[in-house]
Protein chains: 2
Amino acid sequence: MKHVTIRALARELNLSVSTISKALRDSYEISAETKQRVLALAATLNYTPNPYASSLRGKKSRTIGVVVPEVADSFFSLAINGIESVMKAMGYHVLICLTHEQFDNEKLILKEFQSGRVDGVLLSVSRETLSGEHIRDLAAQDVPVVFFDRVLDEVQAARIVTNDFESGYAATAHLVENGCREIVYLGISESLSISNRRMEGYRQALADHRLPFRTGNVVACTNDAAENYKTVKKMLQRKAPRPDGIVASVEKLTTTVYQACNDLRLRIPSDVKVVCFSNLEIATILHPSLTTITQPAFEMGRAAASLLLKAIKGNNVMSAEMVIPSVLIPRGSSTR
Amino acid sequence: MKHVTIRALARELNLSVSTISKALRDSYEISAETKQRVLALAATLNYTPNPYASSLRGKKSRTIGVVVPEVADSFFSLAINGIESVMKAMGYHVLICLTHEQFDNEKLILKEFQSGRVDGVLLSVSRETLSGEHIRDLAAQDVPVVFFDRVLDEVQAARIVTNDFESGYAATAHLVENGCREIVYLGISESLSISNRRMEGYRQALADHRLPFRTGNVVACTNDAAENYKTVKKMLQRKAPRPDGIVASVEKLTTTVYQACNDLRLRIPSDVKVVCFSNLEIATILHPSLTTITQPAFEMGRAAASLLLKAIKGNNVMSAEMVIPSVLIPRGSSTR
DNA sequence: ATGAAAGCGCTAACAT
DNA sequence: ATGTTAGCGCTTTCAT
């Protein structure tokens, strides 16, 4: 079967294409009766408008781009659910693009988005992203950009974030209050703003509790699980001072940390206490159950999507910033 | 800055639009020198072709649709990675659409895909999907459809699946060999083919080991975690015969099962042994570590994507079927 | 080697 | 209330 166009409907009903077009869009210019006939025929012939024709004509795609490092990650997949729930309700499509944490991919994707393929972009930058030229280039083409979670401070754009500093602080203070004196911070990347903000919170909490900050206690993890495992293991084997607490700033490190502790016969929480930034619901059934900083992933997705829609409608939201707090959920891995 | 079109390049270089178009596509008709000039200008002006214009013109979108029940699920998110790896290499875009396990959403999405928005579709049906009219309608518009993982037997289309029967069999046999006599099967849905095939494997394994099959031992779970929790709990409290083994056919049930056992003070594996269909890497650090049937999610995504590309190129792959085996990974939850 | 022109399907300004 | 027409940006056939 060939695809049914407006022209086909017009011929069939002895009407002009513009009449059909108007009828389909429920224009006041068209008589009720004609609308009826058009709609009826459209239904029987299974007419579906060609989105590319209207996009070309109208200069809007009713599609947004979502650029994320990864989809196999509970934070991002939940955020995508939030984004999708808003966009679906408003009749928008969501084009998900993965950077796999690589800056070059991110650059290519944003460049492609200058073509008019999307009406706006939601972006969570890769761990490699240091400069924002590619983002500004996109914005210069009047494609609104809203950051969510992982922002690039250098770029002035709307942003939906969580309270990373406070969360890093809370995680650390929680460990101190439970007796830790030598706390290790496992970061995601040295440049990523969220990781650094969480670390600043960690530093501040140490200071406020009169504990020394040691650069040796901050470890920048990589994107390679095997390598991270080695790093964490080495860290845990250190004597004098022996680490007795871990703040892991990314979900993927959960397995690494538990595995390393297991293999080294270190007991959680008696030997080492652990807090992890994570959205895994499975945290509850780990042994011991995992104390988490749980981010409002779905809500952040929703908020970012709503804000982007405002920007698409023409509102200037460039300086909008929304902070949705994360929550510390104390569980077995950190209490004495 | 306004979007740069082919016309702008043409004017700037005193050439015709067709010359520019040909130069950009590296046509043999154009002189090397002209190509140089065009490419150079395109680069400086940051020209990006309008994809909707070419789609409209060429009747192909270089976009495929991926229709899945959910993205916050390790099987689907890994499969998406596989799909994306292939499609990116071939210069295709991936439009991910979520059904949230609802048939109506699936219908709407496929209907929309009749518009020419995508060149082909990868589909994993919802748990509610019983009939395939909507899929046939799409195929009738010459949009190739490839099933992956969750197929609908009724529809003749290419399919990439895993060996669900054998996996169900292996999981059950494994439990029997480890001493279970009263094994419960937790299904996803009564209609879903994969769930039924896994259950058939379960039945066959029981039969081969001379164990009775009881309908009461088959539980169809819902999409509601709280409800599933109650169901599983009730099941585990049953006396005479008391269940001593569980085959959970879907990842989400892991938490449910562990939680219920915890709350009932049932010990895994001494009181109940558990095998779960799951791709969670975290299985290794559960306590006890979880025996899984691990599906080749990434590979299935890749295979499905490659097959769809063949179909888009015009090959008839309607009757293609590929089975990529899952593997049983025995861990602490099922061994005595 | 380059250019003119038609047309993909749709929308909207401008007739009638 | 309905119709005519131009044009969105691109590709491609058919000139030149």
Side-chain angles (χ1 to χ4, degrees), chain A residues 2-39 41-42 45-63 91 112-119 141-142, chain B residues 2-39 41-42 45-63 91 112-119 141-142:
Chain A
K2 239 191 89 266
H3 187 242
V4 183
T5 70
I6 263 188
R7 277 257 286 280
L9 300 182
R11 256 195 294 271
E12 188 79 16
L13 294 173
N14 269 312
L15 289 168
S16 76
V17 290
S18 61
T19 304
I20 305 290
S21 174
K22 287 170 185 163
L24 289 171
R25 332 193 84 236
D26 201 25
S27 158
Y28 67 97
E29 296 180 279
I30 305 298
S31 73
E33 194 217 327
T34 305
K35 279 183 194 167
Q36 277 305 319
R37 291 172 58 214
V38 172
L39 259 23
L41 185 66
L45 295 191
N46 232 310
Y47 168 77
T48 37
N50 182 314
Y52 297 131
S54 15
S55 292
L56 180 57
R57 172 65 225 235
K59 312 277 217 172
K60 45 177 188 41
S61 62
R62 290 195 85 78
T63 300
E112 221 262 344
F113 281 173
Q114 295 188 25
S115 65
R117 184 182 285 278
V118 295
D119 296 343
Q141 302 273 0
D142 294 322
Chain B
K2 238 193 88 264
H3 187 243
V4 183
T5 70
I6 261 186
R7 278 256 287 278
L9 300 182
R11 256 194 294 270
E12 189 79 17
L13 293 173
N14 268 312
L15 289 168
S16 74
V17 290
S18 57
T19 303
I20 305 288
S21 174
K22 287 170 185 164
L24 289 171
R25 331 195 85 236
D26 201 25
S27 160
Y28 67 96
E29 296 180 279
I30 304 298
S31 74
E33 194 218 327
T34 305
K35 279 183 193 168
Q36 276 305 318
R37 292 173 57 215
V38 172
L39 258 23
L41 185 66
L45 295 191
N46 233 311
Y47 168 76
T48 38
N50 181 312
Y52 298 132
S54 10
S55 292
L56 180 57
R57 171 65 225 239
K59 312 278 219 166
K60 47 181 185 39
S61 62
R62 290 195 84 79
T63 300
E112 221 263 344
F113 281 175
Q114 294 187 26
S115 65
R117 184 183 286 277
V118 295
D119 297 343
Q141 302 273 0
D142 294 322

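As the structure is a prediction and not an experimental result, all values here were calculated from the model.
Atom CD1 of B:I6 is separated from atom P of D:dC10 by 5 Å (rounded to the nearest Å). Atom pair A:R117:CZ and D:dG9:C1' shows a separation of 14 Å (rounding to whole Å applied). The distance from atom CD of B:Q114 to atom P of C:dG9 is 16 Å, rounded to the nearest whole Å. Here the P atom of nucleotide D:dT5 and the CD1 atom of A:I20 are 18 Å apart, to the nearest Å. To the nearest angstrom, P of C:dT2 lies 14 Å from CG of B:D26. Across the protein-nucleic acid pair, A:Y52 atom OH and D:dC10 atom C1' stand 15 Å apart, rounded to whole Å. One can place CG of A:L13 at 15 Å from C1' of D:dG3, the figure rounded to the nearest angstrom. If you measure from atom CZ of A:R11 to atom P of D:dT2, you get 20 Å, rounded to the nearest angstrom.
Within the nucleic acid shown, B:T34 comes within 4.0 Å of sugar-phosphate atoms alone, with no base atom in reach, counting heavy atoms only. Nucleic acid contact class of A:S54 (heavy atoms, under 4.0 Å, all strands): sugar-phosphate only. Residue contacts shown for B:S31 are limited to sugar-phosphate atoms, with no base heavy atom under 4.0 Å away.
Remark: B:K59 engages no residue in a salt bridge (charged side-chain N to carboxylate O under 4.0 Å, His left out) (not counting sequence neighbours). Every salt bridge (charged side-chain N to carboxylate O under 4.0 Å, His left out) that B:E29 has, sequence neighbours left out, goes to B:K22.
Annotation: side chain of A:Y47 is not in contact with side chain of A:I20 (no heavy-atom distance under 4.5 Å). Between A:V38 and A:L15 there is a side-chain heavy-atom pair separated by less than 4.5 Å.
In this structure, A:E12 places its CD atom where only 12 or fewer heavy-atom neighbours from other residues, nucleotides or ligands lie under 6.0 Å away.
The phosphate of C:dC10 (OP1 or OP2) has a side-chain N or O of A:Y47 nearer than 4.0 angstrom. Under 4.0 angstrom from either OP1 or OP2 of C:dT2 there lies no side-chain N or O belonging to B:T19.
A donor N or O paired with an acceptor N or O is not found under 3.5 Å between the base of C:dT2 and the side-chain atoms of B:S18.
With DNA chain C read from its 5' end, the first of the two nearest nucleotides for A:R25 and B:N14 is the one closest to B:N14.
Under a 3.5 Å cut-off, the side chain of A:S21 and the backbone N or O of A:V17 do not form any donor-acceptor pair.
Checking A:V4, A:N50, A:T48 one by one against B:S115, the side-chain contact (heavy atoms from CB on, under 4.5 Å) holds for a single residue, A:T48.
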Can you pull every protein N or O that's under 3.5 Å from an N or O on nucleotides 6-8 of chain C?
| from | atom 1 | to | atom 2 | distance (Å) |
| --- | --- | --- | --- | --- |
| C:dG7 | N2 | B:R57 | NH1 | 3.3 |
| C:dC8 | O3' | B:K59 | NZ | 2.9 |
| C:dC8 | O2 | B:R57 | N | 3.3 |

